[in-house]
Amino acid sequence: MGEQIHVGIEALTGAANACERQTGTPRFGYAHHKWPGPTGQTEEKEGGLKTAPTREPHETAGGDTEWQEGEKSRRDPFGELRAGAGATEVRQDTSGKEVEQVGALRLRSGQVPVQPGTFYLETFGCQMNVHDSEKVAGVLLSRGYQQVERAEAARLVLYNTCSIREKAAQKVFSRLGGHKEALNSGQIIGVLGCVAQQEGEEIFERAPWVSLVCGSASYRKLPELLAELERGGRRVMGLDTDTDETFETEMTRRDNPFRAYLTIIEGCDKACAYCVVPYTRGPERSRKSDLVLAEVQRLADAGYSEVQLLGQTVNSYQDPSERRMTFAELLVAVSEVRGIRRVRFTTSHPRDFGRDIVEAIESVPALCEHVHLPVQSGSSRVLRAMQRTYSRDEYMEKIAMLREARRPVSVTTDIIVGFPGETEEDFQETMSLLDEAQYDGVFSFKYSPRPNTPALHMADPIPEEEQGRRLAVLQEKQRGIQTARNEKLVGETFEVLVDGAARRNSQWAGRTSGNRVVNFTSTEERLLGEYVLVRITRGGPNSLVGELVS
Ligand code: SAM
Ligand code: SF4
């Protein structure tokens, strides 16, 4: 968790930031969220429910066009299971309770009827998971399924899971616990993503009502696995990580009407001692630059003006095509696609972050003035134990490069506190790094021991209480830094892409190129999806307040 999908309405209404570990500009990341399909409004994240921008027909060119294509090709993938559907009879189950029987699907009294040919998809974790879910939804829609908003009503219930920290993984099993009746109700339950990859067959043991387990490195097999389920398969599994393929889909159903996500590199070849990603997402595989550029053009044609390139280590991109574009060249080429106005990318690994990326940002206005560069710790000793492949000084050289850029680039980071063996002195080095780096946002986490990782058996674990103390101290300090930085922006004018609205009191929210959330008031009727100029009148720790100029 630590991130949110849609912007700072909470800041606008004065509510506290829902994320305990985030101090700073919200970005996509480790949220848990439920996009409700094409018309809904709520988004659930760890820490509470948020209002997501209402999707209106005029704002949804890209996403809805793709959705409609799915609707056109709809067919009933579970036709054979629907024999007698529509003819409802009431019977008693073994406990004597009345159940309705709709075709092959049995219901308890008062239960929402399971709708054949439907799916429910809930996503946990980083924006790569969010985007994987968009692709999974695309695969399902192209096979004729319809998305529904309630798990109880869906024939196929899918959880796209995150195992980056223990809490996230536990949450998935608690969700699965709510589906014990699946085999009786005719529902098919599937676990996708990192928990699927990590736990594998074990999931069938812990939750025997689950029928599909597919890890994130095996999504390309998903159509095959679905076909097997459609043919009546009881348990199907995709868990390969030894692939050099990326997850290409003919159709991606994009949920966010304002910003399109595009994975350019999957997996991770680094070996950070605390991290499950190399185990759950497999080795690095980059997409060919011509495929990336063709997709960006399609997105622009569909009405998207902002794209975000994704990868666990996005800047480790290696073009497998003959063009051999570097990451910086790809950034420039994406920015030059007709119709594209903003290009973001995340997450950059410090080791592969070179001057060419800064030069691209300096010279191409469409490249956003924001770099997320996770440091993890301010202590070179801890960085070495973490196997991060850089020292504090080497990292700070990258920060200096960014701070000296000809455009003001906002910089955000990730920090882990309480890594095994982290002394008070090490922690103080992280605190002093905050002073030095002057981040615009920090996503901070307590170290969480993960299976298969070298850190799992490291000596000197830090007690949870002490981890919590360090986290609180760090967040408090960073809050002060951000407040001071944001206050300095008062009087400046920024271009803002409006992507949030609280209609009743004419309040709007959007983001600057530097990814800062800006809230403002306007009686204009239709601002969602528009680029407007906003003059800043106030700066808070997590967002800015301003007034419309244009
Ligand atoms: N690839 C990115 C990088 O190299 O920085 C980070 C991707 S990781 C999915 C996102 C963040 O989760 C990491 O930057 C780290 O701060 C945090 N994280 C990963 N494993 C963790 C663990 N075991 N405990 C606590 N935080 C963790
Ligand atoms: Fe995990 Fe390190 Fe890879 Fe990032 S670079 S995904 S932290 S192993």
Side-chain angles (χ1 to χ4, degrees), residues 1-3 19-24 27-31 46 124-132 161-170 193-195 197-198 216-217 241 263-285 309-317 345-353 371-378 382-383 385-390 395 398 411-420 422 430 439 441-458 461-462 464 467-468 470-471 474:
M1 85 167 209
E3 303 185 64
C19 169
E20 53 166 356
R21 286 177 284 208
Q22 175 193 337
T23 320
R27 70 179 164 95
F28 276 48
Y30 324 105
E46 277 188 3
F124 299 79
C126 64
Q127 69 266 59
M128 293 206 63
N129 265 14
V130 172
H131 185 42
D132 282 345
T161 61
C162 170
S163 62
I164 198 85
R165 282 168 292 276
E166 197 182 357
K167 217 162 119 191
Q170 278 167 356
C194 297
V195 172
Q197 191 70 50
Q198 188 179 289
S216 31
T241 50
T263 299
I264 64 163
I265 173 169
E266 289 174 9
C268 179
D269 280 352
K270 313 286 186 292
C272 303
Y274 50 80
C275 185
V276 286
V277 169
Y279 306 93
T280 56
R281 287 193 164 265
E284 278 174 14
R285 289 99 68 202
L309 308 183
L310 300 178
Q312 291 295 345
T313 52
V314 72
N315 57 327
S316 307
Y317 176 81
F345 55 96
T346 197
T347 295
S348 295
H349 190 282
R351 195 194 68 187
D352 298 335
F353 195 86
V371 171
H372 184 68
L373 201 64
V375 65
Q376 312 300 358
S377 170
V382 173
L383 287 173
M386 288 178 164
Q387 295 168 197
R388 280 296 284 183
T389 70
Y390 53 83
Y395 178 87
K398 316 272 172 169
V411 184
T412 53
T413 202
D414 292 348
I415 290 178
I416 297 176
V417 298
F419 187 74
E422 182 190 71
T430 300
Y439 291 114
V442 171
F443 293 79
S444 44
F445 312 97
K446 290 188 262 186
Y447 164 72
S448 169
R450 305 310 296 130
N452 301 318
T453 58
L456 189 60
H457 304 294
M458 281 185 183
I462 308 301
E464 174 130 26
Q467 289 185 325
R470 290 181 192 177
L471 190 70
L474 179 133

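Everything numeric here is computed off the predicted structure, so don't read it as measured data. For ligands, and for the atoms within them, numbers begin at 1 and follow the listed sequence.
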Is [X] reaching over with its side chain to a backbone N or O of [Y], donor-acceptor style, under 3.5 angstrom?
{"X": "Thr430", "Y": "Ser377", "answer": "no"}
{"X": "Gln467", "Y": "Gly418", "answer": "yes"}
{"X": "Glu284", "Y": "Asp269", "answer": "yes"}
{"X": "Tyr395", "Y": "Leu373", "answer": "yes"}

Which ligand 1 atoms, with their elements, are less than 4.0 angstrom from a heavy-atom of [X]?
{"X": "His349", "answer": "4 (O)"}
{"X": "Thr347", "answer": "2 (C)"}
{"X": "Lys446", "answer": "24 (N), 25 (C)"}
{"X": "Arg450", "answer": "23 (N)"}
{"X": "Gln376", "answer": "5 (O), 13 (C), 14 (O), 15 (C), 16 (O)"}

Partners passing salt bridge (charged side-chain N to carboxylate O under 4.0 Å, His left out) against Glu166 (at least two apart in sequence or in another chain): none
Short N or O distance, Tyr447 and ligand 1, threshold 3.5 Å exclusive: no
Heavy atoms of other groups near Gln170 CD, more than 12 under 6.0 Å: yes
Side chain, backbone, both or neither: the part of Phe445 lying under 4.0 Å from ligand 1 by heavy atom: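 Only the side chain of Phe445 comes within reach of ligand 1.
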Selection from Arg388, Met386, Gln312, Lys270 by shortest heavy-atom distance to atom 4 (O) of ligand 1: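 Result: the heavy atom closest to atom 4 (O) of ligand 1 is in Arg388.
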Parallel, tilted or perpendicular, as decided by the 30° and 60° cut-offs, for the rings of Tyr274 and Phe419: perpendicular
Residues that Thr263 engages under side chain to side chain contact (heavy atoms under 4.5 Å, CB included), provided they are two or more places apart: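 In terms of side chain to side chain contact (heavy atoms under 4.5 Å, CB included), with neighbours along the sequence ignored, Thr263 is linked to Met128, His131, Lys135, Glu266, Leu310.
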Partners passing side chain to side chain contact (heavy atoms under 4.5 Å, CB included) against Asn452 (at least two apart in sequence or in another chain): Tyr279
Protein N, O or S atoms under 2.8 Å from atom 2 (Fe) of ligand 2: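 There are 1 of them.
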Heavy-atom nearest neighbour in the protein, as seen from atom 7 (S) of ligand 2, with distance rounded to 0.1 Å: Tyr274 OH, 3.4 Å
Ser163 and Gln198 side chains, donor-acceptor separation under 3.5 Å: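 Yes, a side-chain donor-acceptor pair sits under 3.5 Å.
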